[in-house]
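Data first, discussion second: the structure below is written as structure tokens.
Numbering of ligands and ligand atoms starts at 1, following listing order. All residue numbers refer to positions in the sequence shown, counting from 1.
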Amino acid sequence: MGRTIRWERGTVVTVDQTLLPHHFKIIRLRTLPQVLEAIREMKIRGAPIIGVAAAYALALEAYRDRHVPRQQLVRQLRKAGDLLRSTRPTGRDMHRAVERVLSRVMTASGDVSRITLLEAQSIANEYERAERQLVKNGQSLIEDGDVILTHCNSGPLATVAWGTGLGILLRAWKSGKRISVIATETRPMLQGARLTAWELKHNGVPFKLITDSMVGYVLARGLADKVLVGADRIWKDGSVANKIGTLTIATLAKEYRVPFYVAAPMSTFDPESSPNYSIIEMRDPREILEIGGERIAPPGVKCLNPAFDITPAEHVSAIVTERGVLRPPFRRSINRALSGRGRATHILE
Ligand code: MRU
């Protein structure tokens, strides 16, 4: 499995996700402002890959100014960390990656630029391992013949290599389970129609694309056996921030008794705060008002454009992580997973 993002001779190499599915373009980012722009514009998007991109962005900044005095460089990196965090406030992964690199820089002695890069590389390597294990652990939830509904994009494009929710489905298919997928288009940025559809097609997985407003029809008519999505932040009580629309799907899944599964690495868990709408990113109204640059609403129309919503724990049937499949009561299973107990493929109940 290749990596979606990597460090190559002083550059960050990744795919421009805004151009898919029409063009598969590799981009090379050489500076912090270029990475900031790529994250803001969603050339790089998806919680885990954003975390790694942010860590690499700090490495780019440290390398560019490797000759400035240590204290000054540390101050500069902290400022860079604030800028990165402000681009996408909801996802836990980026915030954790930035904190981790900065705390390493502040505590380790030696060349700051080298320390920063080494830490960023370890973060990327840890993601790769976690994703691989998570995808393995998720296989216990998928049965031969299942039809699984997914939302947004949680495949390899959104991560370092293996994906999370969609990664589980791709592996289930490759291992011979005859599954099929229902993918929501995911308004307004169409990650489902553009990216999930591209990844499913590329891997030969049978699927149907629906608009977000068709989820009620699909679940009420029993057309999906389960729902599986990724996550941007998971709190200790098991509530989940994920792409806008997830709450609607989870509520409908509960109403029609369809299991609702979430998949995310432990780095997405937030052990400190509580579910909080104040961290929900609000994006440019043009994402709603225009399609492909073409205005669709009358002039002067105002929009509400939250990028994420929060699904309460009681709607979630299980959370797949690299430490196992966590089940309710989540306070207990998440606490055990966070403290490192219940490793590998154990099912925590
Ligand atoms: O706004 P995006 O495209 O970055 O949002 C992405 C999602 O909500 C994904 O479901 C989530 O990050 C999980 S990706 C493995």
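Those atoms of ligand 1 with a heavy atom of Q191 less than 4.0 angstrom away are 1 (O), 2 (P), 3 (O). Every atom of ligand 1 with a heavy atom of M42 under 4.0 Å away is listed here by number and element: 1 (O), 2 (P), 3 (O). Interface of A158 with ligand 1, defined as ligand atoms under 4.0 Å from a residue heavy atom, comprises 14 (S), 15 (C). Counting the atoms of ligand 1 from 1 in the order shown, those under 4.0 Å from a heavy atom of T159 are 15 (C). Within the listing of ligand 1, atoms 4 (O), 12 (O) sit less than 4.0 angstrom from a heavy atom of G46.
Of the heavy atoms in A47, both backbone and side-chain atoms come closer than 4.0 Å to ligand 1. By the criterion of a heavy-atom distance under 4.0 Å, neither the backbone nor the side chain of H151 is placed next to ligand 1. Residue-level proximity to ligand 1 for K243 is carried by backbone and side chain together, each with a heavy atom below 4.0 angstrom. Contact annotation: for A264 versus ligand 1, there are no heavy atoms closer than 4.0 Å. Only the backbone of N153 comes within 4.0 Å of ligand 1, judged by heavy-atom distances.
Of the listed residues (R45, M189, R88), the one carrying the non-hydrogen atom nearest atom 1 (O) of ligand 1 is R88.
Judged by the 6.0 Å distance and 45° axis criteria, K243 is positioned over the aromatic ring of F308.
Aromatic pair F24/W198: centroids less than 6.0 angstrom apart.
For K254, the NZ atom is densely surrounded, since the number of other residues' heavy atoms within 6.0 Å is greater than 12.
In this structure, A307 does not count as a contact residue of ligand 1, since none of its heavy atoms falls inside 4.0 Å of the ligand.
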Working for side-chain hydrogen bond (donor to acceptor under 3.5 Å, both in side chains), residues D65 and Q76
CA-CA 9 Å; D65 283 340; Q76 218 170 293; 2.4 Å; yes

For R233 and N276, run side-chain hydrogen bond (donor to acceptor under 3.5 Å, both in side chains): C-alpha distance rounded to whole Å, both residues' side-chain angles, the deciding distance at 0.1 Å, then the answer.
CA-CA 11 Å; R233 190 179 291 249; N276 190 346; over 6 Å; no

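Protein heavy atom closest to atom 11 (C) of ligand 1, with residue, atom name and distance, is D232 OD1, 3.2 Å. Among protein heavy atoms, atom 10 (O) of ligand 1 sits closest to N242 OD1, 2.7 Å. Counting only heavy atoms of the protein, atom 15 (C) of ligand 1 lies nearest to T164 OG1, 3.1 Å.
A donor-acceptor contact closer than 3.5 angstrom links the side chains of E128 and W162. No side-chain donor from either of W235 and S274 sits under 3.5 Å from a side-chain acceptor of the other.
Closest approach of R327 to S333, counting heavy atoms only: O-OG, 2.8 Å.
For the pair V181/T150, a side-chain contact is recorded, criterion being any heavy-atom separation below 4.5 Å from C-beta on.
Through direct or relayed side-chain contacts under 4.5 Å between Ile, Leu, Val, Met, Phe, Trp and Tyr, M42 connects to M189.
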